[in-house]
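To start, the structure under review is shown below, and the notes come after it.
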Amino acid sequence: MIPILLNVPIIPNQAGLQRRIEQVNNSGWFTNFGPLHQELTERLEAYLGVKNLLLVSNGTVALQVAYKALNVRHAVTTPFSFIATTSSLQWQGHDVSFADIDGHSLNVCPTNIEKALTENKQIDSIVATHVFGNPCEVDQIASIARSHNKRVIYDAAHAFGVKVKGESVLTHGDASTLSFHATKVFHTVEGGAIVFKDAEKFERAKRLINFGIDTANGAITEPGINGKLNEYQCAVGLTILDEIDSILDHRLNLFSTYRQELESVVDMPSWLEGASKNGAYMPILLESEERRTAVMEALTSSGIQSRKYFSPSLNTVNGANVTMPVSEDIASRILCLPLHYYMSQSEVRLVASNVRGAVK
């Protein structure tokens, strides 16, 4: 039995990668905003339709630098996300409040955000995740942020290439962060990026990831860290970017087949109207935690990997101890099925068939 893996990272084309590695080696410029760093920045800005994109060493650093550049002190955020969304805040000593999610989209609920802001005047920022690449209610959140004079940071780790009404989802908020971890639809092995609305915040962040040093004059402007992406990682990113359209097209076709095969069998998140998809993940919702366990066991017995992603609900960890009933319910029933570039349509149908058999 050949196992069906949950995820397999994209392997960059060897010829293209070798050519770029030779370019790095011949230049002797291995890090510190080198020529491949500049090329990847420009190509990503063009491909994604954004400005002020800053490459960083990973997606968690992207969040931390965004918080620092925007002077976040107390954020309201979603309890249904990867742990880094909240732990990156807590690591820096920021206060964290939670707003429960919408049970259909699985994104943080705008009404609950507004309630949290009304009840706690110390909150200065909103941190929202585009869960599984499904955009949040960006217009509603923008309206709430304006009325309460709050900053908005989006964790867009899953949302590479996603658009809302024809424009990149990354243009929303004061900053959006991306992860380029090997498991993502586009990767640099490890890496990430921040897209800033304001050019001055972008320039500050560029200094922050370079020890607080202004590269123009060498002046140290404030305490910083080392959060730069090196040239070898940029070589991987540029090579994968050469093929990104075919990668996304294939993933989206697999995602669509899953949705067709499992329609009326299990619940699946509802997508924001007017938003595109990128096939980043294939989440399903079972009727109970017990049913999820049964489905996982059935899949495992057939050599098929799956993952309880995201679980547990983040309001239950690291001493938070607040109740978020919708998020806690979703976290107990969520399951992500295999989805990656190297899967075939027949494998998707096989996984779906196993899910149908286990649900009945």
Side-chain angles (χ1 to χ4, degrees), residues 3-7 59-60 63 75-91 96-109 112 127-136 154-159 179 181-185 255 258-259 262 265-271 279-302 304-340 351-352 354-355 358-359:
I4 298 179
L5 302 178
L6 181 70
N7 198 353
T60 304
L63 288 165
V76 58
T77 189
T78 173
F80 191 72
S81 184
F82 184 59
I83 183 61
T85 308
T86 55
S87 64
S88 56
L89 287 160
Q90 294 166 327
W91 181 266
V96 176
S97 296
F98 289 104
D100 210 349
I101 64 173
D102 176 90
H104 301 289
S105 70
L106 311 189
N107 288 324
V108 63
C109 174
N112 291 333
V127 176
T129 300
H130 302 304
V131 177
F132 303 128
N134 181 18
C136 295
Y154 283 109
D155 183 339
H158 298 169
S179 171
H181 185 268
T183 56
K184 299 300 187 286
V185 297
F255 178 82
Y258 261 131
R259 301 271 293 196
L262 294 175
V265 177
V266 294
D267 288 334
M268 292 172 276
S270 58
W271 219 257
Y281 295 87
M282 184 56 220
I284 61 172
L285 284 162
L286 287 309
E287 63 184 21
S288 66
E289 186 170 8
E290 293 74 20
R291 178 61 68 184
R292 179 178 69 180
T293 299
V295 170
M296 289 187 73
E297 289 175 350
L299 292 175
T300 299
S301 67
S302 297
I304 300 169
Q305 291 184 343
S306 59
R307 183 180 178 187
K308 296 182 286 186
Y309 196 61
F310 305 103
S311 184
S313 184
L314 298 181
N315 60 292
T316 66
V317 301
N318 293 335
N321 295 324
V322 294
T323 301
M324 295 281 130
V326 181
S327 180
E328 291 169 37
D329 172 59
I330 295 297
S332 73
R333 301 187 291 116
I334 193 75
L335 188 66
C336 276
L337 303 176
L339 179 57
H340 57 80
V351 175
N354 275 268
V355 171
V359 168

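All values derive from a computational prediction rather than experimental measurement.
- Residues Asn112 and Asp100 share a closest heavy-atom pair of ND2-O, 3.1 Å.
- Scanning both residues, His130 and Ala159, for their nearest heavy atoms gives CB-CB, 4.2 Å.
- Atom CG of residue Leu286 and atom CD1 of residue Ile284 lie 5.0 Å apart, to the nearest 0.5 angstrom.
- When each of Ser306, Ser302, Ser301 is paired with Asn354, the side chain to side chain donor-acceptor pair (under 3.5 Å) condition holds for Ser302 and for no other.
- Proximity of a side-chain donor or acceptor of Arg292 to a complementary backbone N or O of Ile334 within less than 3.5 Å is detected.
- Rounding to the nearest 0.5 angstrom, the gap separating the CG atom in Leu106 from the OG1 atom in Thr129 is 12.0 Å.
- Of the inter-residue distances, the one linking Tyr154 atom OH with Thr85 atom OG1 reads 13.5 Å to the nearest 0.5 angstrom.
- Smallest separation of non-hydrogen atoms from Ala280 and Val185: CA-CG1, 3.8 Å.
- Between Phe98 and Phe80, a ring centre-to-centre spacing not shorter than 6.0 Å is recorded.
- Listed here is the closest heavy atom pair of Val127 and Thr77: O-OG1, 2.7 Å.
- One distance of note links CG of Leu339 with CD1 of Ile4; it measures 12.0 Å at 0.5 Å rounding.
- Tyr309 places no side-chain N or O within donor-acceptor distance of the main-chain N or O of Phe82, the cut-off being under 3.5 Å.
- Considering all non-hydrogen atoms of both residues, Glu328 and Asn315 come closest at OE2-ND2, 2.7 Å.
- Considering OG of Ser270 and CG of Asn134, their distance stands at 6.5 Å, rounded to 0.5 Å.
- For the pair Ser313 (side chain) and Thr316 (backbone), a donor-acceptor distance under 3.5 Å is absent.
- Annotation: the span from Leu285 atom CG to Ile330 atom CD1 amounts to 4.5 Å, rounded to 0.5 Å.
- Considering all non-hydrogen atoms of both residues, His158 and Gly133 come closest at CB-N, 3.3 Å.
- For the pair Ile101/Met324, no side-chain contact is recorded, criterion being any heavy-atom separation below 4.5 Å from C-beta on.
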Go through it in stages, so that I can follow the logic: the residues are Ser81 and Thr86, the test is side chain to side chain contact (heavy atoms under 4.5 Å, CB included), and I'd like the CA-CA distance, side-chain angles, deciding distance and then a yes or no. CA-CA 8 Å; Ser81 184; Thr86 55; over 6 Å; no
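- Note on ring orientation: taking the six-membered ring where Trp is involved, the planes of Tyr281 and Phe132 are tilted (angle from 30° to 60°).
- Residues Thr78 and Ser327 have side chains not in contact (no heavy-atom distance under 4.5 Å, counting atoms from C-beta outward).
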